[in-house]
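Note sheet for the following structure.
Indexing begins at 1, ligand by ligand and atom by atom, following the structure's order. Below, each value reflects all heavy atoms present in this structure, side chains not excepted, and no hydrogens, waters or symmetry copies.
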Amino acid sequence: MDYEAFFAGHLRRLHDEGRYRVFAELERIAGAFPRARLHREGEAPRDVTVWCSNDYLAMGQHPAVIEAMQAAIGAQGSGAGGTRNISGTNTLHAALERELAQLHEKDAALVFTSGYVANETTLQTLGAMLPGCELYSDSFNHASMIAGIRHSGAVRRIFRHNDVGHLEELLAAADPAAPKIVAFESVYSMDGDVSPIGEICRVAHRHGALTYLDEVHAVGMYGARGAGVAERDGVLAEVDIVQGTLAKAFGVVGGYIAASAATIDFVRSCGAGFIFTTSLPPAIAAAALASVRHVSAHPELRVRHQERAATLKRRLSAAGLPVMPSVTHIVPVSVDDAALCKQASDLLLDRHSIYVQPINYPTVPRGTERLRLTPTPLHSDEDMTRLVSALKDVWQTLGLQGGLGRRAAAE
Ligand SMILES: *Cc1c(COP(=O)(O)O)cnc(C)c1O
């Protein structure tokens, strides 16, 4: 096998399809969000406005978070010193887990090195160890849940996205005695739609299934205390296992689950992705803890965030741009072609110093390529004015004028 030729051939196909991934190299500037400095080979660094960050509330640069992290580094140093089992459990991990359990009104919580690892480890562990387990998975579920479900070796059944009737049909046809888990998300991150959590949980429980909810794109941003859409909808207790990230609205890094005491103890005791890896640095836990406390205590952040998103959607629509029908803070604009999507992103950056990463297959289905905008409380009216006029220019340049994206036509 000519390995080099194989790799090069695959990469050439990605280039040809316009979906070769080019990373924008950014230098973040604490206190200047959403501005960052773009570094490119052969060019002087320049400031750009970031419109695609998952640091949804700009907590990654919040003074309370920075101070907590700096203080913990000064007091405890850099690394945790081990896995959780062997000298790597810190008082700050324990405090963070108590805080997260409280946030979600569960007995206990468990912190992982990332949200990806939390999903993969939990679903893999439960699916493999519950005898004869069947996993019911929403067709739009994130890659990390799919990985956990696949690796568990459990029977996998996929229900159509947000289709409670289809889920019920699948559950009704199953062996009533088999243990089951229904895994889904609250906010779907590429379309910005929301699942009917209460209904899905009612159907799942009627058929004796556990419910597993990924609230990665909702924690910090929905509900009175920022516990997510389950809190907003008044169904926290219906969710058996909630999973979240410390990396998006909380602006740090790490992932977690919160559930009953026995569930958490079980995953703690049996989850390979929890056991066999060094725990997060104490300073990360300190920063995450400060962020969760701050965000939870400041509902006005959530109000401002929603207002910014609504304003941006309104202004894009008014400008005739094909904004997709999101009901959340995620604002996708249809392009529906991989090469054009990449070109639109390049033009925004080169001509307008606006950074929006193109979203192509396999993150979204082919033919539904898009620009995914994430307004934060720190994006100003003036930022929006410049974004809308830049998008209009790009749409005109590429012949996308009139907003004739497929999704827009269906809207
Ligand atoms: C980002 C993401 C994850 C993974 O979270 P990380 O903390 O970034 O690893 C899990 N689920 C969904 C839906 C995500 O978008």
Apply the test ring-ring contact (aromatic ring centres under 6.0 Å, His included) to residues Tyr256 and His104: give CA-CA distance (whole Å), side-chain angles for both, the deciding distance (0.1 Å), then the verdict.
CA-CA 11 Å; Tyr256 65 90; His104 292 285; 5.5 Å; yes
Given the options Asp214, Ile330, Val194, Asp193, Tyr188 meets side-chain contact (heavy atoms from CB on, under 4.5 Å) only with Asp193
Between ligand 1 and the protein, give all atom pairs where both partners are nitrogen or oxygen and the distance is under 3.5 Å, as lines of names plus distance to 0.1 Å.
unit_1   : atom_1 : unit_2 : atom_2 : d
ligand 1 : 7 (O)  : Gly115 : N      : 2.8
ligand 1 : 7 (O)  : Thr245 : OG1    : 2.6
ligand 1 : 9 (O)  : Gly115 : N      : 3.1
ligand 1 : 9 (O)  : Tyr116 : N      : 2.8
ligand 1 : 11 (N) : Asp214 : OD2    : 2.7
ligand 1 : 15 (O) : His217 : NE2    : 2.4
ligand 1 : 15 (O) : Lys248 : NZ     : 2.9

Exercise. So with a 6.0 Å cut-off around CD of Glu307, is the heavy-atom count from everything else above 12?
Worked result: yes
| Are more than 12 heavy atoms from other residues, nucleotides or ligands located less than 6.0 Å from atom CD of Glu27? | yes
Would one find more than 12 heavy atoms of other residues, nucleotides or ligands at under 6.0 Å from atom CZ of Arg12?
no
Aromatic centroids of His161 and Phe140 separated by under 6.0 Å
yes
